[in-house]
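Below: one structure, written as C-alpha cells.
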Amino acid sequence: MRAYDNYDYEEEYSKRIIDLEEWRLENLIRTEKVKCLYRTTTTRSKNIKSGREILEAQVYPSFKNFKDVPVTTKKRETKPSQRNLNHKNSRRYLIRLVNINFGEGDYWCTFGWNTDQLPETMEQAQKDVANFIKRIKYRHKKVSTEEVKYIYVLAFDGYERPHFHLILSCALNRDVIEDAWGKCDRPNTRRVKPDDAILTGMATYVGRNPHGAKSWCPSKNLKKPPEPSRSYSKFKRRRVREMVQDYEKLRVELEKSYPGYKYLDAEIYHNGINDGIYIYARMVRN
C-alpha cells in the first residue's frame with residue numbers, strides 16, 4: 001500500500017468543524033469528495049518532575065493518489081524554528097519542552113526595560129538577556145551544583161515595549177533573580193503552578209505571537225521531546241467521520257484508543273476542497 005501525506009496538514013485544514021451548519025456537517029460526514037486513509041501521529045511529553053504525561057494525537061488524511069494531496073508551502077512537521085513562533089509546529093514544540101522540563105517550584109518571570117535603558121535593536125535585546133542568564137548561572141553556582149534550565153521568549157516587535165518571558169529552574173530566590181536583571185522597576189516573578197494540562201496554559205500564553213516578531217531560546221540541557229509514533233490503523237476512515245459528529249463521541253473513542261489517558265480537549269478542522277478531516281486532541285495521564 002502506498003499513500004501520500006507529506007504535506008503541512010495544519011496549514012491546509014483551517015475550517016473549523018464547529019462552525020459548520022448542521023446540514024453541512026451531515027453532508028460532509030455522508031459524502032467524500034476524495035478517498036483517503038487516516039494517519040495518526042502520537043506525541044508524548046512526560047514531565048521529568050511529576051511523571052505526568054501529555055499525549056497529543058493528530059489524525060489527518062493520507063491520500064491514495066498524489067494528485068489529491070493539498071498543495072502547501074511546507075512539508076509535514078518541518079523542524080521547529082526558534083526564530084518564528086507563527087507556525088503551530090514551533091509553538092507546540094515549545095509547549096512540549098515546557099511540559100517535559102519544568103514543574104512545581106520553578107519560576108515564570110516577565111522582565112522589561114525602563115525607558116532610559118530600552119534596547120534599540122533585537123540584537124541588543126538578545127545581548128541583554130544573554131548577559132542576564134550569565135549572571136543567573138554565576139550566582140547559582142554559589143548555592144547549587146545543579147544546572148540552571150530555562151526557556152525565554154523575547155518580544156521585540158514595535159507594537160509594544162520590548163519584554164521577555166522566562167521559564168526558569170534554579171535554586172535562587174525571587175529577590176536574587178530580579179536583582180540580576182536590574183533593567184526595570186517592575187519585574188514580575190512567580191512560582192509555576194501546574195494544572196490538569198501540566199504547564200500547557202502558561203506555555204501557550206508565553207508563546208503567543210500576535211505580531212510575528214518573537215524569538216525563543218532554550219538552554220541546551222533540556223530533555224527533548226521523543227519522536228512521535230505513526231499509525232495507519234488506529235483510526236479507520238468511518239470511525240474518524242463518526243468521531244467528528246460530537247465531542248462526547250470523540251472523547252469516548254480517544255480514551256478507548258489510548259487506555260489510561262484522560263481526554264482534555266480537541267480541535268477539529270476540515271478542508272473545504274476535498275472535505276478531508278483533521279483532528280488535534282490532547283490527553284493526560286497522571
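Quick caveat, the model's predicted, so the values are computed rather than measured.
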Given 3.5 Å as the limit, does a donor-acceptor pair link the side chain of [X] with the main chain of [Y], or not?
X      : Y      : answer
Arg190 : Tyr107 : no
Ser50  : Asn47  : no
His163 : Thr110 : no
Arg191 : Gly105 : yes

Who are the salt bridge (charged side-chain N to carboxylate O under 4.0 Å, His left out) partners of Lys224, not counting sequence neighbours?
none
By salt bridge (charged side-chain N to carboxylate O under 4.0 Å, His left out) - contacts of Asp179 (at least two apart)
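Only Arg139 meet the salt bridge (charged side-chain N to carboxylate O under 4.0 Å, His left out) criterion with Asp179.
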When rounded to the nearest 0.5 angstrom, what distance separates [atom1] in [X] from [atom2] in [Y]?
X      : Y      : atom1 : atom2 : result
Ile133 : Cys217 : CD1   : SG    : 8.0 Å
Leu172 : Lys137 : CG    : NZ    : 13.0 Å
Ser219 : Ile151 : OG    : CD1   : 7.0 Å
Asn131 : Gln126 : CG    : CD    : 12.0 Å
Met243 : Leu250 : CE    : CG    : 4.5 Å
Cys109 : Leu168 : SG    : CG    : 5.5 Å

For [X], side chain to side chain donor-acceptor pair (under 3.5 Å) partners two or more places apart:
X      : answer
Asn173 : none
Asn101 : none
Glu248 : Arg251
Asp196 : none

So does Arg186 have more than 12 non-hydrogen atoms from other groups sitting under 6.0 Å from CZ?
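No, not enclosed.
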Within a radius of less than 6.0 Å around CD of Gln117, do more than 12 heavy atoms belonging to other residues, nucleotides or ligands occur?
yes
Measure across [X] and [Y] and return the closest heavy-atom pair with its distance rounded to 0.1 Å.
X      : Y      : answer
Thr121 : Phe156 : C-CZ, 3.4 Å
Gly207 : Arg91  : O-CD, 3.5 Å
Trp216 : Ser90  : NE1-OG, 3.3 Å
Arg285 : Gly260 : CG-O, 3.3 Å
Ser229 : Arg44  : OG-NH1, 4.2 Å
Ala266 : Tyr247 : O-CE2, 3.6 Å

Within-4.5 Å side-chain heavy-atom neighbours: [X] and [Y]:
X      : Y      : answer
Glu227 : Thr43  : no
Tyr38  : Ile279 : no
Leu55  : Val284 : no
Trp108 : Leu199 : no
Phe102 : Leu222 : yes

Establish, from distance only, whether the side-chain atoms of [X] and [Y] form a donor-acceptor pair under 3.5 Å.
X      : Y      : value
Tyr269 : Glu267 : yes
Glu178 : Thr189 : yes
Tyr261 : Glu255 : no
Thr40  : Tyr60  : no
Arg52  : Asn286 : yes
Asn114 : Asp185 : yes

I'd like to check the side chain to side chain contact (heavy atoms under 4.5 Å, CB included) partners of [X]; sequence neighbours left out, ordered by chain and number.
X      : result
Pro225 : Tyr93, Arg96, Leu97, Ile100
Lys256 : Arg239, Glu253
Glu104 : Lys193, Pro194
Lys46  : Glu53

Please list all pairs passing the salt bridge (Lys or Arg N to Asp or Glu O under 4.0 Å) test where one or both residues lie in residues 119-136, with sequence neighbours left out.
none
Is [Y] reachable from [X] through a run of hydrophobic residues whose side-chain heavy atoms are each under 4.5 Å from the next?
X      : Y      : value
Val143 : Ile177 : yes
Tyr152 : Met122 : yes
Met283 : Ile95  : no
Leu118 : Val129 : yes

Between Leu166 and Tyr150, does a side chain to side chain contact (heavy atoms under 4.5 Å, CB included) hold up when you go through it step by step?
CA-CA 7 Å; Leu166 172 71; Tyr150 64 86; 3.8 Å; yes
Over-ring placement of Arg39 relative to Tyr232, 6.0 Å and 45° cut-offs:
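So Arg39 does make the cation-pi contact.
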Check the pair Asp106, Lys149 against salt bridge (charged side-chain N to carboxylate O under 4.0 Å, His left out), reporting the backbone distance first and the verdict last.
CA-CA 10 Å; Asp106 292 333; Lys149 296 193 301 181; over 6 Å; no
Compute the ring centroids of Tyr205 and His165, then answer whether they are less than 6.0 Å apart.
yes
Show your reasoning for whether side chain to side chain contact (heavy atoms under 4.5 Å, CB included) applies to Thr42 and Tyr258.
CA-CA 10 Å; Thr42 303; Tyr258 296 103; 2.7 Å; yes
Could you go through the side chain to side chain contact (heavy atoms under 4.5 Å, CB included) check for Ile167 and Met202 one step at a time?
CA-CA 10 Å; Ile167 304 169; Met202 180 195 71; 3.6 Å; yes
Start with the C-alpha gap between Lys49 and Ser169, add the side-chain angles, then the distance that decides, and say whether side chain to side chain contact (heavy atoms under 4.5 Å, CB included) holds.
CA-CA 11 Å; Lys49 289 192 171 186; Ser169 181; 4.0 Å; yes
Output all residues satisfying ring pair (Phe, Tyr, Trp, His ring centres under 6.0 Å) with Phe111, sequence neighbours left out; order by chain, then residue number.
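Result, ring pair (Phe, Tyr, Trp, His ring centres under 6.0 Å) vs Phe111: Phe132, Phe164, Trp181.
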